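Beneath this line is the structure, given in structure tokens, with notes to follow.
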Amino acid sequence: MKITLYKAAADVQNSIALCVDEDGVFDTEKFNMIEATFKERAVATIAVYKGKGHTIDTLKSYLTEIQAQIKREQANQERLKDYLQACMSITGTAKISSDDGLLSAVLLTDRDESVEIDEGATFPAELCNKPKPPEPSKTLIKAAILAGEPVAGARIVRKDRLQIK
């Protein structure tokens with residue numbers, strides 16, 4: 001039978017009842033065995049937890065490398081597009097395609113419009129976006145609650161913390 005950490009914890013929790021025989025005699029050896037089983041399962045769980053942490057760190061490192069590679073490839077792709085666009089503009093070519101028609105590029109001149117804003121320029125409010133609603137500050141709310149002020153819709157909650165080293 002495989003003993004899980006939950007089963008071992010339940011056994012420890014019920015250990016006094018489990019270790020008393022029909023005559024009311026407490027079996028210390030059985031009690032120690034139950035505690036040892038729990039400790040063994042708990043240590044194994046800690047080992048798996050720490051192993052997951054190392055795996056996560058390795059994957060994050062790979063992710064950082066892959067994201068950097070994606071950025072390089074996107075920059076190369078953009079450079080190729082700019083290169084092709086410049087060459088088509090210089091030669092006056094509006095469309096080019098492969099003989100089988102699978103690959104093509106079309107240069108549409110003066111098609112797109114956008115607004116450029118000078119750095120530091122200011123505009124009247126009617127030309128600006130509405131401001132977003134401000135985010136509540138948990139630091140300020142906590143300080144108000146600790147100062148005895150009632151804050152509707154907020155409360156301080158205490159939670160357990162498990163430190164694994």
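Basis for what follows: all heavy atoms, side chains included, without hydrogens, waters or symmetry-related copies. The structure presented is a predicted model; accordingly, all values stated were derived computationally and were not measured.
- The closest donor-acceptor contact from the side chain of D27 to the backbone of K30 lies under 3.5 Å.
- Atom OG1 of residue T109 and atom CD of residue Q85 lie 10.0 Å apart, to the nearest 0.5 angstrom.
- Within 6.0 Å of CG on L59 lie more than 12 heavy atoms contributed by other residues, nucleotides or ligands.
- Here the CZ atom belonging to R155 is positioned 11.0 Å from the CD1 atom belonging to I141, to the nearest 0.5 angstrom.
- Residue F123 holds its CZ atom at 12.0 Å from CG of N129, rounded to the nearest 0.5 Å.
- Between the side chain of T37 and the backbone N or O of M33, at least one donor-acceptor pair lies under 3.5 Å.
- Atom-to-atom distance recorded for K60:NZ and Q67:CD is 12.0 Å, nearest 0.5 angstrom.
- The CD atom of E35 sits 10.5 Å away from atom OG1 of T28, with the distance rounded to the nearest 0.5 Å.
- A heavy-atom distance below 4.5 Å is found between the side chains of I156 and L146.
- Atom CD in Q74 sits 7.5 Å away from atom CD in Q77 (nearest 0.5 Å).
- Although no hydrogens or angles enter the test, the distance criterion places a donor-acceptor pair under 3.5 Å between the side chain of S98 and the main chain of L103.
- Summarising the local packing, OH of Y62 is surrounded by 12 or fewer heavy atoms from other residues, nucleotides or ligands at distances under 6.0 Å.
- By the rule that hydrophobic residues join a cluster once side-chain heavy atoms approach within less than 4.5 Å of another member, V115 and L127 end up as members of one cluster.
- Put simply, the side chain of I96 does not reach to within 4.5 Å of the side chain of S104, judged on heavy atoms.
- Counting non-hydrogen atoms of other residues, nucleotides and ligands closer than 6.0 Å to CG of D100 gives a total above 12.
- Transitive grouping of hydrophobic side chains (ILVMFWY, heavy atoms separated by less than 4.5 Å) keeps V48 and I46 in distinct clusters.
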